[in-house]
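Below, all heavy atoms of this structure are taken into account, side chains as well, without hydrogens, waters or symmetry copies.
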2 protein chains.
Amino acid sequence: MVTLKQVAARAGVSPATVSRVLSGAGQVQPEYRERVLRAAAELGYRPNRLASSLRRRKTEKIGIVVSDIENPHFTQMVRVVEDAAYHRGYRVLLCNTDELADKQRAYLHVLADERVEGVILAPADPAGAGIAELLGMGIPIVAFDRAVDDQRADAVVADNAGGARRATELLLDAGHTRIGFVGGREEIQTGRQRQAGYEDAMRRRQATAPSVEDGGFRIDGGEAATYRLLDADPRLSALVVANNLMAVGAFRALRARGLHVPDDVAFVTIDDPYWASLVDPPLTALAQPVDGMARAAVDLLFERIEGNRTTPRSVIFSFDLRLRASCGTATPRYQPPCLASPERQPALTLSTRPLPS
Amino acid sequence: MVTLKQVAARAGVSPATVSRVLSGAGQVQPEYRERVLRAAAELGYRPNRLASSLRRRKTEKIGIVVSDIENPHFTQMVRVVEDAAYHRGYRVLLCNTDELADKQRAYLHVLADERVEGVILAPADPAGAGIAELLGMGIPIVAFDRAVDDQRADAVVADNAGGARRATELLLDAGHTRIGFVGGREEIQTGRQRQAGYEDAMRRRQATAPSVEDGGFRIDGGEAATYRLLDADPRLSALVVANNLMAVGAFRALRARGLHVPDDVAFVTIDDPYWASLVDPPLTALAQPVDGMARAAVDLLFERIEGNRTTPRSVIFSFDLRLRASCGTATPRYQPPCLASPERQPALTLSTRPLPS
DNA sequence: CTGAAAGCGCTTACAG
DNA sequence: CTGAAAGCGCTTACAG
């Protein structure tokens with residue numbers, strides 16, 4: 001492997017001069033510059049960033065830790081973050097925890113050892129061991145999608161309770177009373193809040209007792225949870241599903257039972273994946289403004305990296321209703337509260353206080 | 001940031017001893033070991049992998065370069081590769097080129113500079129500048145999904161021509177003659193081969209002249225290409241779509257024109273995303289065995305990394321037909337050639353010869 | 001503008 | 001089994 005020293009020898013200058021030319025820092029005589037550039041090109045020199053990072057004590061690397069790389073919600077975030085990081089000269093180490101606390105801890109250690117300058121974390125385990133360690137080492141963390149327990153981290157989350165409440169009210173307004181909830185991992189803030197929103201709506205309207213099953217935010221889990229809900233209440237007439245992957249599972253379960261959507265079971269989902277309008281019937285969905293959330297996360301992270309802010313900040317985004325056929329609310333008496341402003345205009349709330357969980 | 005030297009001072013031993021304890025290499029007196037471990041824990045020491053990698057000349061890192069991180073086809077691959085790498089103690093640097101040759105070159109340079117030990121590359125540009133440089137530096141590359149021009153790289157690809165031919169024949173067998181093809185990036189092997197398979201089938205059966213539009217492997221492009229095909233031939237009765245994202249676009253275009261699938265336009269797509277069976281009508285698809293392909297790619301890469309193989313190898317996987325309603329071949333006279341073996345059993349072909357493009 | 005020298009934080013022959 | 005020393009490949013005050 002060609003080193004900077006070899007380039008220096010070939011160009012007949014000192015290593016310091018080569019470094020100056022290649023890094024663009026400091027003045028170098030045009031002739032030397034030329035010679036260095038030529039020597040580097042002839043040798044096919046590629047600088048060793050390990051050495052450079054070690055010396056400069058800057059890695060220009062950030063970590064992204066997601067709980068499920070196959071969830072398009074996270075993929076979309078990864079795309080935006082990767083792009084923004086690239087334009088700032090940063091690279092991305094991607095980690096997938098598969099919703100496992102152990103893997104999260106292991107990966108956070110890896111990122112610490114790699115001396116990444118910051119981490120965007122969609123936590124599988126909000127109390128996870130690695131979190132405090134990284135923050136203690138001065139590595140900023142922005143929690144994405146789900147807050148973490150440690151108050152020093154920033155957070156970008158959606159108004160999960162509000163979104164789930166609205167999804168539930170949509171079905172209540174359409175006259176449903178027996179509404180089930182396919183939830184996700186109650187130990188995770190997202191799951192807990194969405195469930196709370198659902199239960200809150202049910203309670204306020206004095207509907208039947210809430211009926212909740214945990215689908216673990218996965219396709220298979222969502223399918224199994226739906227079966228359990230259907231078995232528990234044969235008269236169930238509507239379903240709120242807490243994320244897009246479980247919506248796939250719920251759909252499969254309803255089809256397998258020969259239940260028609262929305263006539264037999266009406267259906268609202270949280271998240272609006274790109275295929276939602278193609279399924280039969282098209283899915284009524286509460287969409288998170290993922291791109292905006294991802295950009296907010298990157299901005300928060302780089303504020304920390306650049307040392308422009310030290311107090312924790314949380315950003316909450318609201319959901320956007322996409323009314324389609326699956327909720328069966330085409331009944332005339334129902335006036336959807338959101339159709340007035342169909343444009344994507346997420347209400348952005350900034351708070352300097354950490355979020356309550 | 002705590003260093004190994006500080007741990008040594010606290011434990012009252014030399015840095016060498018600390019290194020031996022923490023790396024597990026070499027014998028250390030139990031008492032010393034104990035003291036080192038305690039000191040490291042008390043200080044919250046995290047080893048600096050930059051320094052370690054620099055010294056050992058091993059980074060235990062691989063790069064994955066995909067052309068579209070939002071394409072579930074690649075996401076699924078990333079998941080499998082990441083998991084396999086993790087279990088071998090390797091980390092993954094993820095790069096997204098957005099189908100841009102420039103970004104691919106930039107990223108391959110980044111990966112070279114990071115001294116990754118190998119790269120899995122779904123090329124946006126098969127002749128891209130960075131490829132030869134990496135191979136020249138001794139960094140192995142496994143081309144995924146699409147081969148690269150450089151003969152020194154390994155490759156894991158699908159039998160694209162065969163898959164597209166089969167998709168087309170399925171529609172020809174059902175009696176269609178005016179079949180359009182929504183293709184993707186003819187300059188990419190995948191796109192070229194799939195188009196060749198379609199044209200080959202059309203020619204053999206003496207159907208109408210092939211009708212091809214390029215959708216660039218993206219949703220929007222697929223939608224626009226479908227409009228162009230419909231405009232070019234109002235009597236078009238069937239469509240072969242060359243990947244899953246363009247299928248979304250084609251679907252949207254057909255709906256927007258009020259065309260019913262499969263009665264007005266029958267429809268077969270290449271790739272079988274998880275939502276394919278939920279859309280209306282369910283999509284007939286030719287599926288690639290992505291998990292198997294990803295595992296093959298990892299295996300090929302680590303054979304190289306571990307120095308167990310030096311001659312290039314290509315692995316070709318065949319497609320698996322998933323017959324559903326969108327192709328409208330439920331007509332009794334049609335006997336699907338694949339339903340006999342519905343289990344996923346990809347025929348695996350090993351060749352030591354690089355693939356022809 | 002240029003170079004010699006020190007040092008980033010590790011690991012690993014080498015000598016004892 | 002243990003430590004002193006050299007070195008991985010860079011960068012950057014420092015002196016000239």
Side-chain angles (χ1 to χ4, degrees), chain A residues 1-37 39-40 43-61 89 109-110 112-117 137-139, chain B residues 1-37 39-40 43-61 89 109-110 112-117 137-139:
Chain A
M1 204 71 84
V2 183
T3 67
L4 178 143
K5 222 165 134 188
Q6 293 172 35
V7 175
R10 182 167 190 121
V13 299
S14 74
T17 297
V18 175
S19 178
R20 286 187 190 108
V21 170
L22 298 179
S23 72
Q27 300 289 59
V28 178
Q29 224 186 326
E31 198 208 311
Y32 280 10
R33 171 181 306 279
E34 194 104 330
R35 267 159 55 188
V36 166
L37 259 19
L43 295 173
Y45 172 68
R46 294 298 326 170
N48 184 323
R49 283 201 50 104
L50 296 171
S52 168
S53 292
L54 178 60
R55 183 54 234 257
R56 290 183 302 122
R57 315 173 116 261
K58 285 205 82 219
T59 56
E60 277 142 343
K61 237 176 279 176
H109 281 162
V110 164
D113 298 353
E114 295 284 349
R115 300 295 192 264
V116 296
E117 297 182 28
M137 289 171 76
I139 300 175
Chain B
M1 205 70 84
V2 183
T3 67
L4 178 144
K5 222 165 133 187
Q6 294 171 35
V7 175
R10 180 165 191 124
V13 298
S14 74
T17 298
V18 174
S19 178
R20 286 185 191 110
V21 170
L22 298 180
S23 71
Q27 300 289 59
V28 178
Q29 222 186 327
E31 197 208 311
Y32 279 11
R33 170 181 307 279
E34 193 103 332
R35 266 157 56 186
V36 166
L37 259 19
L43 294 173
Y45 172 69
R46 295 295 329 167
N48 184 325
R49 284 201 48 105
L50 296 171
S52 168
S53 292
L54 179 61
R55 183 54 233 258
R56 290 183 301 122
R57 315 173 117 261
K58 285 205 81 224
T59 57
E60 277 142 343
K61 236 176 279 178
H109 281 163
V110 164
D113 298 353
E114 295 284 348
R115 301 295 192 263
V116 297
E117 296 182 28
M137 289 172 74
I139 300 175

Assign each of B:Pro30 and A:Thr3 to its nearest nucleotide of DNA chain D by heavy atoms, then name whichever residue's nucleotide is nearer the 5' end.
-> B:Pro30
Where each residue is assigned the nucleotide of DNA chain D containing its nearest heavy atom, which of B:Ala51 and A:Val18 is assigned the position nearer the 5′ end?
->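 Upstream on the strand: B:Ala51.
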Between atom [atom1] in [X] and atom [atom2] in [N], what is the gap in whole Å?
{"X": "B:Tyr32", "N": "D:dC1", "atom1": "OH", "atom2": "C1'", "result": "9 Å"}
{"X": "B:Arg115", "N": "C:dC10", "atom1": "CZ", "atom2": "C1'", "result": "18 Å"}
{"X": "A:Gln6", "N": "D:dC10", "atom1": "CD", "atom2": "P", "result": "9 Å"}
{"X": "A:Lys5", "N": "D:dC8", "atom1": "NZ", "atom2": "P", "result": "7 Å"}
{"X": "B:Gln29", "N": "D:dG3", "atom1": "CD", "atom2": "C1'", "result": "14 Å"}
{"X": "B:Leu4", "N": "C:dT11", "atom1": "CG", "atom2": "P", "result": "7 Å"}
{"X": "A:Arg56", "N": "C:dG7", "atom1": "CZ", "atom2": "C1'", "result": "15 Å"}
{"X": "A:Leu54", "N": "C:dG9", "atom1": "CG", "atom2": "P", "result": "7 Å"}

Among B:Val13, B:Val7, B:Val28, which residue meets the side chain to side chain contact (heavy atoms under 4.5 Å, CB included) test with B:Val21?
-> B:Val28
Considering just the side-chain nitrogens and oxygens of [X], establish if one lies under 4.0 Å of OP1 or OP2 belonging to [N].
{"X": "B:Ser19", "N": "C:dT11", "answer": "yes"}
{"X": "B:Tyr45", "N": "C:dG9", "answer": "no"}
{"X": "B:Gln27", "N": "D:dC1", "answer": "yes"}
{"X": "B:Ser14", "N": "D:dA4", "answer": "no"}

Distance check, rounded to the nearest 0.5 Å: [X] atom [atom1] versus [Y] atom [atom2]?
{"X": "B:Arg10", "Y": "B:Leu43", "atom1": "CZ", "atom2": "CG", "answer": "5.0 Å"}
{"X": "A:Arg115", "Y": "B:Met1", "atom1": "CZ", "atom2": "CE", "answer": "5.0 Å"}
{"X": "B:Arg49", "Y": "A:His109", "atom1": "CZ", "atom2": "NE2", "answer": "13.5 Å"}

Look at the side chain of B:Arg20 and the base of D:dG3, then say whether one donor and one acceptor between them are separated by less than 3.5 Å.
->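 Answer yes: a donor N or O sits under 3.5 Å from an acceptor.
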Residue B:Arg55, side-chain heavy atoms: nucleotide from D:dC8, D:dT11, D:dT12 that is nearest | D:dC8
Gap in Å between the two C1' atoms, one belonging to D:dG16 and one to D:dT12, rounded = 16 Å
Separation between the P atoms of C:dC10 and C:dC14, rounded to whole Å = 24 Å
What is the minimum heavy-atom distance between A:Leu4 and A:Tyr45, and which atoms define it?
-> N-CE1, 3.4 Å
Could you please name the partner base of D:dC14, counting Watson-Crick and G-U wobble pairs only when both distances are under 3.5 Å?
-> C:dG3
